[in-house]
Structures are given as structure tokens and as C-alpha cells.
Number of protein chains: 2
Amino acid sequence: MRLRKVKGAKEAIANSNYVIADFKKNRGQYEKIFNNNNALHLEIGTGKGKFIIENATLNPHINYIGIEKYDSVLIRAIEKLDNVILNNLRFINEDAINIAEIFDKEIDTLYLNFSDPWPKNRHEHRRLTSPEFLKRYESIFKVNKHIIMKTDNRQLFEYSLKSLTDNGYKIENLSLDLHKDNDKLNIMTEYEEKFSKKGSTIYRVEVKK
Amino acid sequence: MRLRKVKGAKEAIANSNYVIADFKKNRGQYEKIFNNNNALHLEIGTGKGKFIIENATLNPHINYIGIEKYDSVLIRAIEKLDNVILNNLRFINEDAINIAEIFDKEIDTLYLNFSDPWPKNRHEHRRLTSPEFLKRYESIFKVNKHIIMKTDNRQLFEYSLKSLTDNGYKIENLSLDLHKDNDKLNIMTEYEEKFSKKGSTIYRVEVKK
């Protein structure tokens with residue numbers, strides 16, 4: 001993905017109360033940040049934030065953290081919150097490759113929404129459902145491991161179903177055409193809204209381990 | 001499925017050299033029928049036979065057995081072979097619910113093509129990928145268990161991916177849009193040909209245990 005630089009993004013992120021800057025210091029103690037021990041849901045690649053902001057608004061008794069490596073994208077999420085107070089939402093501006101250094105046995109549910117498909121074989125290890133990434137997630141989950149994935153990329157989804165089940169995850173829920181299922185509870189990402197309007201099939205799987 | 005009765009089907013099937021009538025007597029010794037110990041591939045619900053006849057024609061060193069419970073359908077497969085000699089192909093006119101009484105540790109690969117989806121929950125046990133059926137298959141496989149499934153029924157496919165992986169099968173190959181993959185080796189069933197022309201998405205999975 002080529003991104004346009006957004007002037008002032010770094011500063012705005014650094015100054016936002018929604019962003020956890022010293023995340024490595026908080027490893028294993030995010031309860032302190034939220035000041036409660038509610039369930040903690042994590043979205044990797046949170047993008048412009050529509051999905052996680054709507055979730056946090058609808059579910060005040062769940063804490064949400066969104067990780068996004070591009071400041072020029074994360075700034076769009078921050079801007080959405082200019083006049084909103086959501087005590088159960090935070091962002092981290094970091095590459096998910098370092099996820100195991102950020103969290104320690106404290107995540108209940110992990111969302112992977114419309115992740116980069118990295119279609120070339122030699123980039124397989126960069127896919128967020130590769131064995132390499134699944135290994136990184138092992139230590140971030142509280143007790144049960146729970147991943148919910150959505151994508152419109154068929155090849156990534158085929159790959160992920162194999163990788164997840166090969167690595168011990170059990171399929172809890174599966175939809176090979178989410179928007180035809182007419183799930184009223186589905187919260188769409190920006191990307192999902194755009195591409196489903198164009199007729200793309202949206203896939204969703206929920207797995208547990 | 002409501003089927004039209006075909007006059008003379010029973011007799012024609014009884015008289016065909018392609019049909020194994022005393023199948024329970026041959027349990028565990030189908031090598032004798034084929035007079036060799038080549039791999040044995042089984043199709044449950046073989047229908048009008050296009051898939052298995054094309055396979056048997058292309059792969060003379062693999063033995064094929066097609067099971068079909070409806071004589072009014074199986075007769076169409078038999079008729080296709082009126083002027084053809086295929087020593088590596090046989091049919092059995094029987095309900096697959098009795099599969100464990102028909103075979104004993106002798107199947108290498110099982111094909112489930114466009115099986116009845118049995119959409120109602122109370123009919124789940126009739127689906128050919130239900131835990132009940134997977135249990136029946138346990139004793140029919142030689143050593144490794146190998147199932148290849150195709151369907152255009154999304155709900156049946158979602159169900160089957162969960163059921164197969166829940167019951168210890170590993171995904172080897174998966175396509176969520178087989179005909180877009182342009183697989184030159186794909187042999188179509190009658191049903192597949194008809195419904196893919198109408199634009200149905202065809203799903204395929206190959207699993208091993």
C-alpha cells in the first residue's frame with residue numbers, strides 16, 4: 001500500500017489521549033490504563049478506525065485497542081474522536097510484528113480485518129495468519145485464544161482457513177458470503193463498506209483454541 | 001429429491017457387468033474383483049456417472065467404485081457404458097449409510113460430489129460430512145484418510161469445513177471458487193456443469209487424516 005504522508009500526523013498522534021505511547025511499559029498491565037478488568041479486544045491493522053470506534057461505542061463494558069503501523073492512516077481514526085469521549089478505547093502506533101512485546105496474557109479476542117494479503121509466496125510470513133504470526137499471538141491471549149477474521153481476498157481466506165486449523169484453532173463460525181447472511185450485528189470497516197458495495201464477497205471466520 | 005421411476009432399471013442394473021451385486025461378500029477383498037492391488041477411489045452419490053467414468057477413462061491404473069442408492073439414476077451411468085470396456089470401474093446400488101459393511105480398510109480416496117445438503121438441523125446426521133458419516137468412513141480407508149469434496153451449496157460447505165477439521169482432518173487444498181481457479185484437471189459432474197453455467201460458485205476441499 002502506498003500512502004500519502006499526512007502533515008502533522010506524528011505530532012497529533014503523540015498528543016492524543018487515545019494513543020498509548022509507552023506501550024512496552026504497559027505490557028501485562030493494560031488494566032491500569034482502562035482502570036478496570038473488563039475483557040480486552042484487539043484489532044490489528046485498525047486503519048481509519050470505523051470498526052473499532054463503533055464497537056467501543058456499542059460495548060462500553062469491553063475495552064478495545066487498535067494497532068496501526070501507519071501514522072498517516074491512524075490520524076484519521078484519531079480525528080474521528082475529536083469531540084468524543086470513549087474511555088474504553090485506545091490506539092497503538094506500531095508494527096504488529098512486535099505484538100508479543102506489547103501484550104502479555106491479556107487479550108480476549110483478536111480481530112484481523114481486511115489484512116494485507118501478501119500474495120507472493122516469499123511474503124507468506126508477513127500474512128497476519130501465517131504460522132509465524134500465530135506463534136506471536138500465543139503469548140498475548142489471556143487463557144482461550146479467540147480470533148475473528150474478515151476479508152474479501154479469497155486466496156488469503158483459503159490460506160488462513162488452512163493455517164488456522166493446521167495450528168490447532170477450531171472453527172466456531174464460518175461465513176463464505178457474510179453480507180448474504182444478513183447479520184444485523186456485523187460492524188463494517190471502511191474498506192468493507194466500499195468493496196461490498198462494488199459486489200465483493202466478504203468472508204468471515206471465528207476460531208478458538 | 002423426487003425421482004421419476006425408470007422402467008426396467010432394476011433389471012438392467014442386475015444384469016450389468018459393471019455392477020457389484022453381492023457387495024457384502026466382497027468386503028475387504030475388492031482386489032479380487034479388479035484383479036490387481038491398484039489404488040481404490042470411491043465416489044458416494046455417483047449419480048449419472050460422468051465424473052467417475054471420465055476419471056476411470058483417464059486413470060487406468062486407479063480402480064473406481066461409484067455408489068448410488070437410486071436405481072433410476074444409476075441406470076443412466078450404466079447406459080453410458082453400453083459400448084465401453086473399463087476394467088477399472090464398478091458400481092454399487094446401495095445406500096451409503098451402510099458403507100462400513102461394504103468396505104474394510106481398502107479405500108484410498110473418497111469423493112463427495114454435490115451431496116444432498118439436508119439443510120434442516122434435524123437432518124444434520126444425514127449429511128455426508130456429519131460426524132456420524134465421518135465415523136462410518138473410519139474403517140473403510142486403507143491407512144491414510146483422504147476425502148475430496150465439491151459442492152455449490154455454501155451452507156453445506158461451511159458446515160463441512162467445520163465438521164471435517166473438528167474431526168481431525170487437515171485441509172490440504174481449498175478453493176472457494178473452483179472455476180475461477182481455472183484448474184484444467186478438474187473433472188465436472190453433470191450437476192456441476194449445469195450449475196456453474198448458471199453462475200453458481202463451486203467450492204472444493206481436499207482433506208487428509
Side-chain angles (χ1 to χ4, degrees), chain A residues 112 114-115 117-121 124 127 129-131 134 144-183 186 192 195-196 198-209, chain B residues 112 114-115 117 119-121 124 127 129-131 134 144-183 185-186 192 195-196 198-209:
Chain A
L112 303 175
F114 301 89
S115 312
W118 293 108
K120 288 178 186 161
N121 283 340
E124 185 199 328
R127 298 175 198 153
T129 48
S130 65
L134 295 183
N144 301 310
K145 298 166 182 74
H146 183 210
I147 301 177
I148 303 178
M149 173 190 192
K150 288 199 283 189
T151 183
D152 66 327
N153 188 290
R154 175 164 68 90
Q155 285 77 7
L156 178 67
F157 199 66
E158 291 165 352
Y159 171 84
S160 300
L161 284 177
K162 176 166 167 48
S163 180
L164 288 163
T165 53
D166 276 357
N167 287 280
Y169 282 91
K170 296 279 182 195
I171 297 170
E172 292 284 315
N173 282 295
L174 174 64
S175 175
L176 300 178
D177 198 345
L178 182 63
H179 291 200
K180 272 214 186 112
D181 284 343
N182 211 3
D183 176 359
N186 182 47
E192 183 174 358
F195 281 83
S196 72
K198 289 187 182 177
S200 300
T201 301
I202 308 296
Y203 305 101
R204 182 186 187 274
V205 70
E206 181 177 356
V207 294
K208 282 192 180 167
K209 182 174 167 181
Chain B
L112 303 176
F114 301 88
S115 312
K120 288 178 188 162
N121 283 341
E124 184 199 329
R127 297 175 199 156
T129 48
S130 65
L134 295 183
N144 301 311
K145 298 166 184 73
H146 183 210
I147 301 178
I148 303 178
M149 173 188 191
K150 288 199 282 190
T151 183
D152 66 327
N153 189 290
R154 175 165 68 91
Q155 285 77 7
L156 177 68
F157 199 66
E158 290 165 352
Y159 170 85
S160 300
L161 284 177
K162 175 164 168 50
S163 181
L164 288 163
T165 53
D166 276 356
N167 287 280
Y169 282 91
K170 295 278 183 197
I171 297 171
E172 292 283 316
N173 283 296
L174 174 63
S175 175
L176 300 178
D177 198 344
L178 182 62
H179 291 199
K180 273 216 185 108
D181 284 342
N182 211 2
D183 176 0
L185 299 175
N186 182 46
E192 184 174 358
F195 281 82
S196 71
K198 288 187 183 178
S200 300
T201 301
I202 308 297
Y203 304 101
R204 181 186 188 274
V205 71
E206 181 176 357
V207 294
K208 281 191 181 166
K209 184 175 169 180

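So you know, we letter chains A, B, ... as the sequences are listed, proteins then strands, and number each from 1. Here the structure is a predicted model, which means the values were calculated and not measured.
Listed in order of number, the residues of residues 149-157 of chain B that approach chain A to under 4.5 Å between heavy atoms are R154(B), F157(B). For residues 198-209 of chain B, heavy-atom neighbours of chain A at less than 4.5 Å comprise Y203(B), sorted by residue number.
The nearest pair of heavy atoms linking E124(B) to P131(B) is OE2-CD, 3.9 Å.
For H179(B) and E192(B), the side-chain atoms include at least one donor-acceptor pair closer than 3.5 Å.
Neither the backbone nor the side chain of N173(B) has a heavy atom closer than 4.5 Å to any heavy atom of chain A.
Atom OG1 of T129(A) is separated from atom NZ of K162(A) by 12.0 Å, given to the nearest 0.5 angstrom. Atom CG of N167(B) and atom OG of S160(B) lie 11.0 Å apart (nearest 0.5 Å).
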### Task
Let me see the working for Y159(B) and S130(B) under side-chain contact (heavy atoms from CB on, under 4.5 Å), right down to the final yes or no.
CA-CA 8 Å; Y159(B) 170 85; S130(B) 65; 3.5 Å; yes
#### Entry: side-chain contact (heavy atoms from CB on, under 4.5 Å) assessment of L174(A) paired with L161(A)
CA-CA 10 Å; L174(A) 174 64; L161(A) 284 177; 4.1 Å; yes
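For chain A, the option among L176(B), D181(B), T165(B) with the highest count of heavy-atom pairs below 4.5 Å is L176(B).
In this structure the side chain of K180(B) never reaches within 4.5 angstrom of the side chain of S175(B), judged on heavy atoms. Residues I147(A) and L134(A) meet the side-chain proximity criterion, which asks for heavy atoms closer than 4.5 Å.
Residue-environment remark: NZ (K170(A)) exceeds the threshold of 12 foreign heavy atoms within 6.0 Å.
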